[in-house]
Amino acid sequence: MRHLPPTSPTATPGEHDATQPQLPTRVLLVDDQPLIRAGFRALLEAEDDLRVVAEAADGREAVALARRHRPDIALVDIQMPGMDGIEATRLIAADESLSRVRVVILTNYGLDEHVFAALRAGASGFLVKDIEPEDLLRGIRLAARGEALLSPVATRALIDEFVARPPEAYPKAGPDVLTRREREVVRLVARGLSNDEIAAHMVISPTTAKTHVSRAMTKLAARDRAQLVVYAYESGLVSPRASRQ
């Protein structure tokens, strides 16, 4: 199996230095089916800005390879023998040395209870395996920039999950750690709004909206926007039933 050397600690996905060529997004493929991995590898390596650094056949191997290669993105199948994608996501998200790794869950079924558990565990979003190739590539690039792969449709489905059952646990940090503006921004993120849409809604610049989102993520120790969505409903900052109206 071909492995590439670990990325430099100073390299940041999506960050561009005018004095140096932009580094490709480094991807770890995790799926127990070799044919699936081969198909994804062929698709990704046809792109100049994407590079597969390693492949894993189960969650345990995925965690070990993530620690070895420090990829930008880990594409992780949710259901595998041995350690599944949910537990692998939990271990990657809990490892401070892997804070730059964005886990994107691969599933056959869309947003079901397994994907919901993976989002709780720290996944940045999910993609279905029968997705169109161009949408898969776009999704990887979005995740590499730190954006959550939660469309408005997916966000509504996530809200439905909170309506259907009570949260399993509440976050340690309460909404009072946020400023009034930051609480408003988190509510809008939970409704599935982009930074540009938040800016328009609040009559502020997109840069200011992005700053509010980033500060809220820092205060709440959220890895990305997907975690802000989960936080908003688990903390009671947003009412699921009110949000669906």
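Not measured: the values here are computed from a predicted model. What's counted below: heavy atoms across the whole structure, side chains too, no hydrogens, waters or symmetry copies. The first residue of the sequence shown is numbered 1, and numbering continues consecutively from there.
The nearest pair of heavy atoms linking Gly122 to Ala93 is CA-CB, 4.1 Å. Between Val101 and Ala74, the shortest heavy-atom contact is CG1-CB, 4.2 Å. Across all non-hydrogen atoms, the minimal contact from Arg26 to Arg70 is NE-O, 4.3 Å. Here the closest heavy-atom approach between residue Pro71 and residue Val53 is recorded as CB-CG2, 4.2 Å. The two residues Leu178 and Ala216 come nearest to each other via the heavy atoms CD2-CA, 3.9 Å. For Ala56 against Glu61, the heavy-atom pair with the smallest separation is CA-OE1, 3.5 Å.
Partner of Val213 under the side-chain contact (heavy atoms from CB on, under 4.5 Å) criterion, out of Val186, Thr218, Asn195: Asn195 alone.
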Requested in this report: Test side-chain contact (heavy atoms from CB on, under 4.5 Å) on Leu137 and Leu50 and set out the steps.
Outcome: CA-CA 9 Å; Leu137 297 173; Leu50 301 174; 3.6 Å; yes
Query - Stepwise side-chain contact (heavy atoms from CB on, under 4.5 Å) test for Met202 and Thr208 - result: CA-CA 10 Å; Met202 298 179 66; Thr208 301; over 6 Å; no
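Rounded to the nearest 0.5 angstrom, Leu142 CG and Arg225 CZ are separated by 11.0 Å. Taking NE2 of His201 as the start and CZ of Arg191 as the end, the distance is 5.5 Å to the nearest 0.5 Å. A distance of 8.0 Å separates CD1 of Ile204 from CD of Glu184, quoted to the nearest 0.5 Å. Distance check: Arg41 CZ to Leu43 CG gives 12.5 Å after rounding to the nearest 0.5 Å. The CG atom of Leu44 lies 9.0 Å from the CG atom of Asp49; values are rounded to the nearest 0.5 Å. Within the model, atoms CZ of Arg187 and CG of Leu237 stand 4.5 Å from one another, a figure rounded to the nearest 0.5 Å.
Residues Asp95 and Arg67 have side chains in contact (heavy-atom distance under 4.5 Å, counting atoms from C-beta outward). Within the 4.5 Å cutoff, the side chain of Val229 has heavy atoms near those of the Val189 side chain. Residues His212 and Ile198 fail the side-chain proximity criterion, which asks for heavy atoms closer than 4.5 Å. Leu136 has its side chain within reach of Phe40: a pair of non-hydrogen atoms, C-beta onward, lies under 4.5 Å apart. Contact of the Arg51 side chain with the Thr25 side chain is not registered, since no non-hydrogen atoms from C-beta on lie closer than 4.5 Å. The side-chain heavy atoms of Asp84 and His114, taken from C-beta on, include no pair separated by under 4.5 Å.
Using modelled atom types, no side-chain atom of Arg215 and backbone atom of Thr179 make a donor-acceptor pair closer than 3.5 Å. One N or O on the side chain of Arg102 and one on the backbone of Ser99 form a donor-acceptor pair closer than 3.5 Å. Not a single donor-acceptor pair under 3.5 Å links the side chain of Arg90 to the backbone N or O of Ala121. Between the Glu55 side chain and the Ala62 main chain, no donor and acceptor come within less than 3.5 Å of each other. No donor-acceptor pair closer than 3.5 Å links the side chain of Asp77 to the backbone N or O of Val30.
A salt bridge links Glu47 to Arg141: one of the charged nitrogens lies within less than 4.0 Å of a carboxylate oxygen. A salt bridge links Glu182 with Lys219; the closest basic N to acidic carboxylate O contact falls under 4.0 Å.
For Lys210, the NZ atom sits in a loose shell: 12 or fewer heavy atoms of surrounding residues, nucleotides or ligands are nearer than 6.0 Å.
Judged as a side-chain contact (heavy atoms from CB on, under 4.5 Å), and not counting sequence neighbours, the contacts of Ala118 are Ile78, Ile86, Ile105, Ala123. With sequence neighbours excluded, the residues forming a side-chain contact (heavy atoms from CB on, under 4.5 Å) with Leu91 are Val63, Met83, Glu87, listed by chain and number.
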